[in-house]
There are 2 protein chains.
Amino acid sequence: METRIERIKSQLHSQKYKLTPQREATVRVLLENEKDHLSAEDVYLLVKDKAPEIGLATVYRTLELLTELKVVDKINFGDGVSRYDLRQEGAAHFHHHLVCIECGAVDEIQEDLLGDVEKVVEKGWNFLIKDHRLTFHGICYRCQEKNDKE
Amino acid sequence: METRIERIKSQLHSQKYKLTPQREATVRVLLENEKDHLSAEDVYLLVKDKAPEIGLATVYRTLELLTELKVVDKINFGDGVSRYDLRQEGAAHFHHHLVCIECGAVDEIQEDLLGDVEKVVEKGWNFLIKDHRLTFHGICYRCQEKNDKE
DNA sequence: GTGTGTGCAAAGCTTTTGCAGACCC
DNA sequence: GGGTCTGCAAAAGCTTTGCACACAC
């Protein structure tokens, strides 16, 4: 059974890139924190535990590389930093996000909710869709419960 | 008949803010370029024609103020700059965008396509939606035509 | 005169780039 | 040895902040 890391390694090799120790450490951090939405700085701090010598520039370069390979998606919730989010293997489209405006939590929706909407857009606006970004801003179930108790 | 500017002026006054000449010039630039998605720098350069003394910091401060008042929305297409987009008066939700990955054009969809999707999310994920951001990345009709001719 | 608003310059952030050295086949 | 890759430091954005001055009531 091939592991996820090995598949990413093959993907790198197929484009003549190497899976260096620094790159591997970065990918492992991403895999271990799949649910979070880490900024480059976050990734850097976590990678330093595994590879203390690594530089921030290398993390940026690796994240850019992984974005190019579509292993991760670079996302932006409007707070001034880019975040990097592992793409689900085999996912045709990027997943959606729920950003809580009270506590800042970011939850994910893996289901594809936009199938019908995309058809409407492709036909109605004559636009050939390659990807999408959908983010809802509102109040998460945790904050709703908290507010109800008060 | 009250103009758009006057309504914005009232909105400012109701929050104890003034519509200074600089703020008015900035708002006018936004109104005159409603279809574009201007960055702060873009706005600054255009405002300078009307009010040459204005500083970039004032433009930033004004745009922040207008964002707070929900006159404009601060958006981000992942190119490293924030853009400011006039919110349609009375629109319950923010409109959607079509970003062309070939020519960079940004078109708008004013129709609300997410009514059903929002119901699904609110029920299924127990999330109280306040706003959304939906952007499609793909190829616009102009580039499709151009590609067909080649 | 008190408070808000402004312009300028400086500072703060995140992110990118230049470069010399390290590493690998 | 020729390529890729890396770490460090510097540079390059975009955006915010500090401060003294201007203006309005």
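Every chain is numbered from 1 and lettered A, B, ... according to where its sequence line falls, protein lines coming before strand lines.
- Residue A/Glu41 contributes atom CD, which lies 9 Å from atom P of C/dT15 at whole-angstrom precision.
- Not one N or O on the side chain of B/Gln110 forms a donor-acceptor pair closer than 3.5 Å with the backbone of B/His95.
- Candidate nucleotides D/dT15, C/dT16, C/dT6 were compared by shortest atom distance to the side chain of B/Arg23, and C/dT6 ranks first.
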Quiz: residues 47-60 of chain A side-chain donor-acceptor pairs under 3.5 angstrom, not counting sequence neighbours:
unit_1  : atom_1 : unit_2  : atom_2 : d
A/Lys48 : NZ     : A/Tyr44 : OH     : 3.2
A/Lys50 : NZ     : A/Glu32 : OE1    : 3.1
A/Lys50 : NZ     : A/Glu32 : OE2    : 3.1

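- A straight line from CD of B/Glu24 to C1' of C/dT6 spans 16 Å, rounded to a whole angstrom.
- Nearest to the side-chain atoms of B/Thr20 among the listed nucleotides C/dT6, C/dT15, D/dT15 stands C/dT6.
- B/Glu53 comes within 4.0 angstrom of sugar-phosphate atoms only, judged by non-hydrogen atoms across all strands, and of no base.
- Remark: of the listed residues B/Ile129, B/Leu128, B/Asn126, B/Leu128 is the sole one forming a side chain to side chain contact (heavy atoms under 4.5 Å, CB included) with A/Ile139.
- One interatomic measurement links the two molecules: NZ of B/Lys18 to P of C/dG3, which rounds to 12 Å at whole-angstrom precision.
- The shortest distance between side-chain heavy atoms of A/Phe136 and A/His97 does not fall below 4.5 Å.
- When distances run from any side-chain atom of B/Ala57 to the nucleotides D/dT17, C/dT6, D/dT15, the shortest one goes to D/dT17.
- Atoms CG (A/Asn76) and C1' (C/dT14) sit 11 Å apart, rounded to a whole Å.
- When the P atom of D/dC5 is taken as reference, atom CG of A/Leu66 falls 12 Å away, rounded to whole Å.
- Distance CD (B/Glu64) to P (D/dT16): 6 Å, rounded to an integer number of Å.
- When the C1' atom of C/dT4 is taken as reference, atom CZ of B/Arg61 falls 11 Å away, rounded to whole Å.
- If you check every strand for non-hydrogen atoms under 4.0 Å, B/Ser39 touches nothing.
- Candidate nucleotides D/dC14, C/dT6, C/dT14 were compared by shortest atom distance to the side chain of B/Tyr60, and D/dC14 ranks first.
- Residue B/Gln22 places its side chain closer to C/dT6 than to any other of C/dT15, D/dC14, C/dT6.
- The one candidate from B/Val43, B/Asp85, B/Leu45 that meets the side chain to side chain contact (heavy atoms under 4.5 Å, CB included) condition with B/Leu38 is B/Val43.
- Across the protein-nucleic acid pair, A/Asp79 atom CG and C/dG12 atom C1' stand 16 Å apart, rounded to whole Å.
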